[in-house]
Structures are given as structure tokens and as C-alpha cells.
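Below is one structure, written out as C-alpha cells, with a few remarks after it.
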Amino acid sequence: MAEAERYYVTTPIYYVNDAPHIGHAYTTLACDALARFMRLDGRSVHFLTGTDEHGQKVAKSAAAAGMSPKDFTDKVSQNFRELAKAMNFSNDDFIRTTEERHKKSCQELWRRLKERGEVYLGSYAGWYAVRDEAYYGEEELTLAPNGKRIAPSGAEVEWVEEPSYFFKLSQWGDKLLKFYEDNPQFLAPESRRNEIISFVKSGLRDLSVSRTTFNWGVPVPDDPDHVMYVWLDALTNYITAVGFPDDNAPSYRKFWPADLHMVGKDIARFHMVYWPAFLMAAGLEPPRRVFAHGWWTNEGQKMSKSLGNALEPHAMVAKYGLDQVRYFLLREIPFGNDGDFSHRSMVHRMNGDLANDLGNLAQRVLSMINKNCGEQVPQPGAFTDADKKLLSSAHGLLAKVRPLMAEQAFHRTLEAIWQVVGDGNRYVDEQAPWALKKTDPARMATVLYVLAETVRHVAILVQPVMPHSMAKMLDQLAVPDDARTFSALGDGGTLKPGTKLPKPEGVFPRYVDEAA
RNA sequence: GGCGCCGUAGCUCAGCGGUAGAGCAGGGGAAUCAUAAUCCCUUGGUCGGUGGUUCAAAUCCGCCCGGCGCUACCA
């Protein structure tokens, strides 16, 4: 009781070589909304993001730029910090795999695996594409006219044979299946479940976890010819960030196992199969849940380098507004599914849900208060059944939304809140405070008070998704900074009649397309 | 090929044994506090096809058609 319940949520670490696009922003946004929600709900939160900076491709890009890998990654990892800033992400830490703390952590994890006999030295042979940094199976290759073998990606491959350490993944199939069975919440969303389970059931092969063909990575302890291969290195960041290898560190004891690893569906397997296997093999606890979300398309088209149609977060924010973009991404599609971004649907959401429904509700209420109640919170009289009904729907929101957020159902959370926004608009029309103004000013004051309370609830609950806009809305209700958490919901922080209110200003402008 | 998912109103989806729902879009009306925003009413579907189980099927089973995902060491 004494200590707040903790919540540890992570994004994947992003590959520094990539230019940040909407996919990165989307993953981190989902985590940000969760982190903010949990903080407002009184939990002690650790929200981690960062960059993955090792690997052959990075070394090559650095060389091409005439820089050392270290200088190069210092520079490009900045892109992701800037993205976080531009999107108003509230991460508590930003980890880089080139940091000393991470090297120590990886090496200790390695030692534990080695000690337990989970890692052994063998050799790896196969068709390797340098450009892709990947091995391909014989059957995937095609023969080019010049006799070279070509990977599906179009990259040239060569036969490579190298010594490599292997992780005994083959021993972990049954234990993973049992783990999935005992922890049904671990694999999410449901649609990924079958895929992962059938993958594991089909039989696991040992996993090559070291490389000797390049050296830009974490050196394998006691065998400096090897560096650890991508996934072992990358995944370990999640424990590094909370203090591993010091398992007794207060932060480690507090935050591990993580409550949630948020990932894109392309890297589901690494997080849902390899990572829990690595951890269990090292005698550590697996995370509690991994959620693999879907991808966005742009106006119905898959985003690709060749089409040059990647959605660029900075440009979207500049065009539509930050909170509008945040809202759209979390409201438009059932979280977990793929979704399509289009100008049309974006404008539809920002004008319909934000400007017309919520923005206008706040504006009509605040402006009536401003004009008719002496620019201060009105003094309510006794509540009627209609008043109580609206208030109770606002008061009941948190209980409704908590379980939805616990399963990352952002769209349903917002839908539930907007239900109350709709109730509010209906109530205004039914009560017609503009008519009461002449016939029963005291009743008008009560109606406007009930509405202001409703707006207060909505604004507090929407903060995780649209922090700036809701701060503005709460400012206009003169809600003190210390009364904006979920503990102020219900009767915990009711508006005080007589409180001076500032002049209202629209929070969500309508988007109007320029006439052609 | 194997395993799995999906196909419900124009669009996005919910319903998953008791003879169809929501939001948006479309049509009509009311109101005028408000960012010409809001509110009410309303058109619209033989629930992909087909055979079966059942007193009763979008809802369970078989087959067919259509779409999609996974099938390992690229993030």
C-alpha cells in the first residue's frame, strides 16, 4: 500500500540507420499514452525508448559518411530524440546500445547463459547478403544472368562460413508453450497468438548469437573475435535500463519484469519467442506482456522508399497539429489492426470529433458561463435526475476506461469518453440554458455547472492522448495543476463555485481545405 | 504446400445459438448558447456462397469462392 503500483513500458529500440517515420512515432505514441494514463492513475511509471546502434549496416553507413561509428551514431540517434520531443513523448529514459551500461549488461547476460550451458560454440554457414546483413536459404535465391545468386531483396549473396556461438533455443519450445498457457495475457493482440504458438510448435532451431565478420557490436566475453548478434544485444536493453546486471538494484527489483513491451508486428517473434527464452535460460523473469500492433498505409498505399510516400511525423504535425495527429492515430483504428491514413479521414476526425463534438461543447459551455455567470464557476442548486444522470456517466468513465487501457484498447477508451461528450451535447440541447437565462437563472447556473463538471472529467481523462489541448481546456476551467490527476475525478476535485474563469478560447480549430 | 484469421448497411467495425447493431456518410426536420457547431427522426443489409446439425444459425460443422497473416536468425 505504501508504495505506488509500478508500471514499466517500453518501445523497441529504433535502428539508428532508419529515418524516423510514422511507424516509430506510432509505437512510441501508444506507450506515451499508456505511461501518461498510468501516472495520472497514481502509478509509478518507467517509460523507456531508445536506439539500436550496432551492426554491420551502421558501421558501413558511418564509413560512407566518413565518420567513426561512434560519432555517426551520436549524430543520427539525435533524430529519434527530436522525434520524441516533437511528439511530446514523456519517456523517462532514452537508452542507446552503445552505452557502457548496456555493454556490461549484455556481457553479464551472456555469462549467465554460458554458465548455464545455454550457449555453445559452433559454426554457421549459409548464403549471406552483406547489404541486408542477413542469411538466406538456398530456396529463396534466384540466379542472376551474371551467375551471381540474388536474395529476394535484390541483394547479392555470398557463401559464408564462420564460427558462431549458438543459443540452445531448441530446448525451449515446451517451456515457452507452457509459459504462453500459464500467462494468457502475454501474447497480444489475440490475432498474433496462433501465429506465435504455431511457430513454436513447429519446432525451434538453435539460434546463432554471435558474429565474427564485423566488430561494431558488444564483444563476447572471453572471446573478442566475436561480437554479439543483433537480437541478443538489442533485446537486452529492456533490462539494462532498469539496472541489470545489478539484480538487486532498487530500480531492477521495482520495475522488472516489464509490464509491457510495445512492438510492431514485424518484430513480434523476437519479443514473443526469443526474448522470453533468453531470459528464462538466464534464470530471469520474462516480461508480462508483449503487444504487436499493426502498420499504417498512406492513402491506401503501402509506404515504401521507392514510392517515397512515407508519412513523416514532423510534416503531419505541422499540417494538422500535434494533438490532432495523436488523437487520430489512437482513435481511427482498433489498436492492433493495420490502418490507413488519409487526408480525408484525418480532417474528418479533427473536425468531427475534436472541433464539433468536444471543442464546441467546451466552447458553448464556457462562453455561456463567461457571459451569464460573471466569468466565474456558477453556483449550482439541487441536482435533477437529468443532472445526476450526466454527472454519473462522467464519474463512471474511469472505471470503464481502466480495463480498456490495461489491454491497450485506445480506440475503445476514446469511444467511451466521446459517448459522454455526446451525452453532454444532448443535455445542453434538452436543458436549453439560453432559455433558462430568462425564465430561471438559478436553474441555468446549475445546468452550466453540471456541464462544466462534465467537461472537466473529459479533459482530465483525455490528457494522456492530447496533453497540450487538455491542459488548455483545464486552464479555461481554472483547474489547479494539482487537481488534474485521476484522484480529482468524481467528487475529488469538483469545481468551486465562484472561481474566476479566464476568457474562453477555442481549443480545436476546424481544418478548412484551401479552395482549389 | 502446412497452420491460422477474415468476408455483417456506401465506409470502418461490433455482435458469435433465439429471427440484425454502432459511428461516419446519405435524406428530412428542430433549435440558435456555440468553432454554420448541436439535437431529433430517417433511407439502407436474404450477415461471401452452398450443404448440414438444431425447435431455432452472422453465430456450430463440412465444402466452395474471395482477401490476408505466419511458415526463423533484415530492423
Side-chain angles (χ1 to χ4, degrees), chain A residues 12-18 23-24 51-52 54-58 124 126 128-129 131-137 151-153 155 164 166-167 169 190-209 211 229-232 234 263-270 273-274 294 331-334 337-340 344-345 348-349 351-372 411-412 415 418-419 421-422 424-437 444 447-448 451 504-512:
Chain A
I13 45 176
Y14 302 118
Y15 203 53
V16 272
N17 239 22
D18 296 337
H24 302 107
T51 43
D52 178 12
H54 286 137
Q56 191 170 20
K57 232 191 288 186
V58 173
Y124 193 89
Y128 185 73
R131 197 185 84 190
D132 301 342
E133 256 182 80
Y135 282 92
Y136 290 97
S153 64
S164 170
F166 284 83
F167 169 69
L169 183 63
E190 200 58 35
S191 56
R192 292 286 150 222
R193 218 186 147 70
N194 290 329
E195 288 177 9
I196 292 296
I197 288 175
S198 80
F199 174 78
V200 173
K201 277 188 176 160
S202 74
L204 298 172
R205 300 203 293 265
D206 289 350
L207 199 64
S208 166
V209 288
R211 282 292 127 90
Y229 199 43
V230 281
W231 283 108
L232 187 54
V263 300
K265 63 182 182 180
D266 54 334
I267 53 174
R269 198 178 59 230
F270 304 98
V273 181
Y274 303 165
R331 173 64 244 254
E332 182 67 4
I333 56 163
N337 291 6
D338 289 346
D340 182 50
R344 188 190 165 84
S345 50
H348 194 259
R349 284 288 175 197
N351 285 351
D353 297 3
L354 300 183
N356 297 354
D357 292 345
L358 176 55
N360 186 237
L361 174 65
Q363 185 64 16
R364 67 201 301 210
V365 169
L366 286 163
S367 126
M368 279 188 273
I369 289 176
N370 185 63
K371 286 178 190 159
N372 306 311
H411 60 297
R412 293 181 59 202
E415 190 179 26
W418 254 255
Q419 189 63 50
V421 172
N425 273 319
R426 271 182 287 279
Y427 173 90
V428 183
D429 278 45
E430 283 159 13
Q431 301 298 324
W434 53 89
L436 292 168
K437 179 178 164 184
M444 175 197 73
V447 166
L448 292 177
L451 283 163
E505 242 174 54
V507 172
F508 297 112
R510 290 178 62 77
Y511 185 96
V512 182

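Order of the sequence lines fixes the chain letters, A, B, ..., with proteins taken first and strands second; residue numbering starts at 1 for each chain.
- Leu204(A) comes within 4.0 angstrom of a base, heavy atoms only.
- When distances are taken from the side chain of Phe508(A) to each of U35(B), A72(B), C33(B), the shortest belongs to U35(B).
- Counting non-hydrogen atoms under 4.0 angstrom, Asn351(A) reaches nothing in the nucleic acid.
- Nearest to the side chain of Trp434(A), among C5(B), C33(B), A72(B), sits C33(B).
- Atom name P, nucleotides G18(B) and G51(B): the rounded distance is 23 Å, in whole Å.
- Tyr274(A) comes within 4.0 angstrom of a base, heavy atoms only.
- Checking C33(B), C5(B), C39(B) against every side-chain atom of Arg426(A), the shortest atom distance belongs to C39(B).
- Using a 4.0 Å heavy-atom criterion, one finds that Gly203(A) contacts the bases of the nucleic acid, with or without backbone contacts as well.
- A straight line from CH2 of Trp418(A) to C1' of C24(B) spans 16 Å, rounded to a whole angstrom.
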Checklist entry - Could you spell out the base pairing of RNA chain B in dot-bracket, with Watson-Crick or G-U pairs whose two distances are under 3.5 Å, [ ] crossing and | to another strand? => result ((((((((.[[[[.)..(..]]]].(((((.......))))).....[[[[[..)....]]]]])))))))....
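- For A75(B), the OP1/OP2 oxygens have a side-chain nitrogen or oxygen of Trp231(A) closer than 4.0 Å.
- No contact: Val209(A) has no heavy atom under 4.0 Å from any strand.
- Within the nucleic acid shown, Asn17(A) has no heavy atom closer than 4.0 Å to any nucleic acid atom.
- Among the heavy atoms of the strands lying under 4.0 Å from Ser208(A) is at least one base atom, whether or not backbone atoms are also near.
- In this structure, Leu366(A) atom CG and U35(B) atom P are separated by 12 Å, rounded to whole Å.
- As a whole-Å value, the separation of Asp266(A) CG from A75(B) P is 10 Å.
- On a pure distance criterion of 3.5 Å, no polar donor-acceptor pair joins the side chain of Tyr15(A) and the base of C74(B).
- Taking only side-chain atoms of His348(A), from C-beta outward, the nucleotide of U38(B), C24(B), U71(B) with the closest atom is C24(B).
- Residue Arg510(A) is in base contact, counting any heavy-atom pair closer than 4.0 Å across all strands shown.
- When the nucleotides A75(B), A37(B), C70(B) are ranked by their closest atom to the side chain of Asn356(A), A37(B) comes out on top.
- Arg192(A) comes within 4.0 angstrom of sugar-phosphate atoms only, judged by non-hydrogen atoms across all strands, and of no base.
- Aromatic ring centroids of Tyr274(A) and Trp231(A) lie 6.0 Å or more apart.
- Checking U38(B), U71(B), C3(B) against the side-chain heavy atoms of Phe199(A) singles out U71(B) as nearest.
- Scanning all heavy atoms of the two residues, the minimum distance from Asn351(A) to Tyr511(A) falls at OD1-N, 2.6 Å.
- Of the candidates A34(B), C74(B), A75(B), the closest approach to any side-chain atom of Val230(A) belongs to A75(B).
- Positionally, the nearest nucleotide of RNA chain B for Val507(A) lies more toward the 5' end than for the other of Val507(A) and Gly352(A).
- In this structure, the nucleotide among C24(B), C13(B), C74(B) sitting nearest to the side chain of Tyr229(A) is C74(B).
- The residue among Ala355(A) and Ile333(A) whose nearest nucleotide of RNA chain B is located toward the 5' end is Ile333(A).
- Lys371(A) comes within 4.0 angstrom of sugar-phosphate atoms only, judged by non-hydrogen atoms across all strands, and of no base.
- Asn372(A) comes within 4.0 angstrom of no nucleic acid atom, judged by non-hydrogen atoms across all strands.
- Contact annotation for Arg205(A): base contact, defined as any heavy-atom pair under 4.0 Å involving a base atom.
- Comparing G4(B), A75(B), U38(B) against the side chain of Asn360(A) picks out U38(B) as the nearest.
- Between Gln431(A) atom CD and C40(B) atom P the separation is 14 Å, expressed in whole Å.
- Contact between the side-chain N/O atoms of Arg344(A) and the OP1/OP2 oxygens of C24(B) is not found at any separation under 4.0 Å.
- Judged by the 6.0 Å and 45° rule, Arg205(A) forms no cation-pi pair with Phe166(A).
- In this structure, Asp357(A) atom CG and U35(B) atom C1' are separated by 12 Å, rounded to whole Å.
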